Student: 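If you scroll down you'll find the structure; I have some questions about it.
All of these numbers come straight from a predicted model, not from anything done at the bench.
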Protein chains: 4
Amino acid sequence: MIISTKKLLIIERAVELFAKSGFESTSVQEITEACGISKGSFYLYFKSKESLLFSIFEVFIDRVSKKVASVFEMDSSPKDKLELFLCIQFEEIDQYSDFILMLLREQTKPEDTELFVLMQQMDKQLNDTLKELLVGVYGITIKRHIPDMTIMVKGLIKGYIELIIMYNRNLDFKKLANFLLYRIDSLVSGLTTPFLEEDFILKIDDKKTT
Amino acid sequence: MIISTKKLLIIERAVELFAKSGFESTSVQEITEACGISKGSFYLYFKSKESLLFSIFEVFIDRVSKKVASVFEMDSSPKDKLELFLCIQFEEIDQYSDFILMLLREQTKPEDTELFVLMQQMDKQLNDTLKELLVGVYGITIKRHIPDMTIMVKGLIKGYIELIIMYNRNLDFKKLANFLLYRIDSLVSGLTTPFLEEDFILKIDDKKTT
Amino acid sequence: MIISTKKLLIIERAVELFAKSGFESTSVQEITEACGISKGSFYLYFKSKESLLFSIFEVFIDRVSKKVASVFEMDSSPKDKLELFLCIQFEEIDQYSDFILMLLREQTKPEDTELFVLMQQMDKQLNDTLKELLVGVYGITIKRHIPDMTIMVKGLIKGYIELIIMYNRNLDFKKLANFLLYRIDSLVSGLTTPFLEEDFILKIDDKKTT
Amino acid sequence: MIISTKKLLIIERAVELFAKSGFESTSVQEITEACGISKGSFYLYFKSKESLLFSIFEVFIDRVSKKVASVFEMDSSPKDKLELFLCIQFEEIDQYSDFILMLLREQTKPEDTELFVLMQQMDKQLNDTLKELLVGVYGITIKRHIPDMTIMVKGLIKGYIELIIMYNRNLDFKKLANFLLYRIDSLVSGLTTPFLEEDFILKIDDKKTT
DNA sequence: AATGAATGAGGTTTCATTCAT
DNA sequence: CATGAATGAAACCTCATTCAT
């Protein structure tokens with residue numbers, strides 16, 4: 001991931017503009033104007049408007065991945081790792097929140113798009129990470145509940161992220177992560193029969209990678 | 001809410017197309033072709049492309065509202081009502097799922113749009129309903145946890161809805177609702193100190209209505 | 001000129017609307033709405049939107065012609081007739097002023113249009129009338145000056161009509177006609193060499209009728 | 001007033017087309033075809049079709065203003081200046097005649113349009129110029145007759161201009177100006193009681209500038 | 001590397017007119 | 001006589017992209 005200064009400039013300005021008005025509604029013209037460069041120059045750095053979106057996403061994923069990786073390299077208890085992981089989700093998404101909101105809104109579905117693939121890879125990565133963390137914390141007995149737990153933990157995270165995004169709330173991420181840790185505990189302790197089959201997530205993620 | 005047959009036809013086809021390709025990326029041309037009518041006819045039934053979006057939303061809200069209202073009128077235990085409520089969310093959103101996904105993706109932010117107002121009203125209504133149901137089930141001692149519980153329950157619902165939407169999974173909504181009912185039980189029983197203040201949701205919803 | 005009640009209703013409402021917004025910018029829809037009839041009905045009475053314009057013009061010409069004819073039938077001095085003629089011009093055009101203004105603005109040039117022909121016939125009629133009146137007042141010696149005098153008298157009339165039209169001024173038409181009578185006298189008394197050839201107007205009007 | 005070559009090309013071709021078929025009836029398509037450029041290019045030079053009209057008008061006013069200004073700077077008798085002024089009116093309007101005719105026909109009334117304002121400013125300027133010239137030639141005793149004289153002189157000019165415009169007559173402008181100079185003399189010498197009040201024009205022009 | 005003029009396909013919308021009822 | 005749903009051509013305008021300089 002080596003990116004020229006100019007390319008980064010375009011990415012940064014574009015993130016802001018996309019966040020404000022959406023992808024379709026932001027013209028290349030507006031982007032180049034915001035960068036103080038010519039329209040022609042844009043195509044020197046990006047093959048198309050869509051490829052810019054792709055680059056933005058790449059940069060974002062790169063950042064999150066690095067942070068998550070650092071969590072695993074740390075020498076702390078599984079629970080602390082899970083808590084840290086939750087915290088990172090909030091921190092990162094807080095920074096890119098407007099852009100993420102745009103992505104949610106605009107990303108056109110076509111399942112073959114490069115961008116879509118990227119999003120799915122990211123989701124799979126998130127699923128894997130969560131699984132590892134949950135098994136780390138609750139032992140292998142949790143395994144049959146992984147699909148449900150993954151969905152539910154992601155749901156809880158999303159619930160609070162929406163608050164951050166939609167209402168620009170400044171929340172104490174550390175406290176929130178700690179709070180959620182105990183909610184996850186509650187959920188786990190109450191589990192009996194899983195709703196989803198054990199290999200549910202697996203199946204989905206397999207579809208993604210093939 | 002009386003809607004002519006033709007208008008309803010357009011709405012239905014449009015929901016499908018919007019779901020597939022997004023709002024901006026679906027042309028009026030495509031919609032009318034899918035309906036087997038002329039481009040001019042479209043504007044007989046809708047003032048503009050955007051007003052179609054508005055109508056779609058109205059129809060959706062109308063349907064959900066009626067169903068939810070029927071839950072409250074029923075003569076069953078609070079828990080059954082909550083379970084039924086969860087079930088309705090899944091059923092309804094299953095039907096309109098693709099369209100909802102599109103809405104999430106495309107709805108341009110401007111906070112003054114009629115459409116945006118409609119969405120917020122719907123959210124407030126959802127919050128109120130949830131609150132009433134939760135208090136019904138868990139008593140007034142739950143009150144200080146209402147903001148967190150609202151966010152979390154909505155998060156759990158969203159988690160599974162995403163499954164439905166993204167992967168077109170046919171799930172057993174009744175079983176899912178029952179499953180979630182017990183998860184909510186677990187969450188409630190583990191609650192200690194709230195993360196959000198008691199009047200948090202209130203504040204947000206107030207901002208919406210003023 | 002026998003016109004059905006409904007047809008007259010449409011004509012009247014259309015005159016108002018055309019005057020307000022112009023011909024091109026007034027839709028048949030608006031006209032029929034103003035009349036409280038259906039769009040289909042319009043085409044029962046008029047072959048097309050343009051034919052409506054034609055009808056309006058016909059009605060207007062019919063009115064002016066009748067009034068002018070009555071002047072000639074009167075038993076008064078030539079000068080009084082000329083004065084009366086001037087007065088009629090102001091009165092009539094005052095009534096239809098807004099519509100006339102629209103006509104000036106919008107009438108598309110194409111020299112073959114029925115409407116254009118009608119306008120030219122009307123102009124020729126005006127020229128003939130003026131000629132007869134001027135010769136009546138100033139004798140046959142005025143003949144060589146008829147082209148110039150026609151142009152100039154029409155110019156003077158137009159100058160004041162513009163005042164009426166553009167600024168909605170309520171002027172005393174009788175006084176104005178009398179005032180202009182003396183101006184015409186001044187002009188005639190000062191004439192030496194004509195600027196236009198004697199048969200100038202003739203040539204033009206001939207072109208019109210062939 | 002610096003205008004790019006291409007912009008000027010569009011203006012020139014547009015003037016011709018507008019003159020032939022009117023503003024509303026001339027499509028941007030037709031204009032660009034006449035210029036040998038693409039539809040998209042048009043919007044590189046003009047924000048909208050209406051703004052083109054505005055530009056055309058600006059160019060025209062600019063030209064006339066410069067010519068009129070040069071008359072005042074000349075070192076000749078007042079009468080010669082008036083004659084020259086009349087001549088310029090005919091010359092300029094001859095060149096833009098068709099377009100002017102279109103303007104008369106199409107300019108939609110709304111009194112707040114930028115274009116409308118421009119037209120009124122131009123008229124006021126014309127009134128002021130005429131007043132100055134008339135006072136220069138006939139002395140201050142003419143003052144109480146200025147409103148009537150302004151209207152009438154403008155009427156006379158218009159009478160002949162219509163000839164030029166409607167019938168594409170090539171007239172000898174110098175001879176015509178000289179001819180009209182004597183007609184104005186006649187009119188002035190015959191004046192007794194004014195028809196319009198002395199401050200009439202003033203009032204109107206005041207309304208224009210406020 | 002950088003420009004910006006030029007393109008043209010495609011978008012939304014309007015509207016005069018027709019025709020089955 | 002009357003209706004109003006339906007049509008489809010044509011209008012204005014936007015925008016991603018290309019290319020000669």
Side-chain angles (χ1 to χ4, degrees), chain A residues 4-7 10 23-33 35-53, chain B residues 4-7 9-10 23-33 35-53, chain C residues 4-7 23-33 35-53, chain D residues 4-7 9-10 23-33 35-52:
Chain A
S4 79
T5 326
K6 193 71 71 72
K7 199 167 178 177
I10 297 175
F23 179 72
E24 298 272 358
S25 303
T26 303
S27 64
V28 172
Q29 173 104 274
E30 282 172 286
I31 296 170
T32 54
E33 268 169 19
C35 297
I37 63 171
S38 72
K39 232 193 297 192
S41 279
F42 177 89
Y43 288 89
L44 243 48
Y45 296 100
F46 299 95
K47 217 174 82 278
S48 67
K49 192 184 167 191
E50 211 203 341
S51 89
L52 162 62
L53 198 57
Chain B
S4 77
T5 325
K6 193 67 68 72
K7 197 168 179 175
L9 169 69
I10 297 175
F23 178 74
E24 298 271 358
S25 303
T26 303
S27 66
V28 172
Q29 173 106 269
E30 284 172 285
I31 296 170
T32 55
E33 268 168 18
C35 296
I37 61 171
S38 70
K39 229 190 301 189
S41 279
F42 177 89
Y43 288 90
L44 237 49
Y45 297 99
F46 299 96
K47 220 173 79 278
S48 67
K49 194 184 166 192
E50 210 204 337
S51 89
L52 162 62
L53 198 58
Chain C
S4 80
T5 325
K6 193 71 70 72
K7 201 166 178 178
F23 180 73
E24 297 272 357
S25 302
T26 302
S27 65
V28 172
Q29 174 104 270
E30 283 172 284
I31 296 170
T32 55
E33 268 169 18
C35 296
I37 62 171
S38 71
K39 230 195 297 194
S41 279
F42 177 89
Y43 288 89
L44 244 46
Y45 297 99
F46 298 96
K47 216 175 82 275
S48 69
K49 193 184 167 192
E50 212 205 338
S51 88
L52 161 63
L53 198 57
Chain D
S4 78
T5 324
K6 192 67 70 70
K7 198 167 179 176
L9 169 69
I10 297 175
F23 179 73
E24 299 271 359
S25 302
T26 302
S27 67
V28 172
Q29 175 106 269
E30 285 172 285
I31 295 171
T32 55
E33 269 169 17
C35 296
I37 62 172
S38 70
K39 229 190 304 189
S41 279
F42 176 88
Y43 291 90
L44 236 52
Y45 298 98
F46 299 95
K47 221 173 81 274
S48 67
K49 192 184 166 193
E50 211 204 336
S51 88
L52 162 62

Student: Can you name the closest pair of heavy atoms from Ile37(B) and Lys6(B) and give their distance?
Tutor: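 Residues Ile37(B) and Lys6(B), closest heavy atoms: CG2-CD, 4.1 Å.
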Student: Rounded to the nearest 0.5 Å, how far does CD of Glu33(D) lie from CD1 of Ile31(D)?
Tutor: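 With rounding to 0.5 Å, CD1 (Ile31(D)) is 11.0 Å from CD (Glu33(D)).
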Student: Verify side chain to side chain contact (heavy atoms under 4.5 Å, CB included) between Val28(D) and Leu52(D), making sure each step is shown before the conclusion.
Tutor: CA-CA 10 Å; Val28(D) 172; Leu52(D) 162 62; over 6 Å; no
Student: Just by protein heavy atoms under 4.0 Å, how would nucleotides 5-14 of chain F read 5' to 3' in B, S and -?
Tutor: SBBB-BSSBB
Student: Which atom names give the shortest non-hydrogen contact between Cys35(B) and Leu9(B), and what distance separates them?
Tutor: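 It is O-CD2, 3.8 Å.
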Student: Let me check I have this right: for DNA chain E, each base becomes ., (, ), [, ] or |, based on Watson-Crick or G-U pairs with both distances under 3.5 Å. What is the full string?
Tutor: .||||||||||||||||||||
Student: Kindly compute the distance separating CD1 (Ile10(A)) from OG1 (Thr5(A)), expressed to the nearest 0.5 Å.
Tutor: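 Reported to 0.5 Å precision, the distance equals 11.0 Å.
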Student: Is any side-chain heavy atom of Glu24(D) closer than 4.5 Å to a side-chain heavy atom of Phe23(C)?
Tutor: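 The answer is no; the side chains never approach within 4.5 Å.
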Student: What pairs of donor and acceptor atoms, side-chain ones from residues 40-48 of chain D against any protein atom, are under 3.5 angstrom apart with sequence neighbours left out?
Tutor:
from     : atom 1 : to       : atom 2 : distance (Å)
Ser41(D) : OG     : Ser38(D) : OG     : 3.3
Ser48(D) : OG     : Glu50(D) : N      : 3.4
Ser48(D) : OG     : Ser51(D) : N      : 3.2

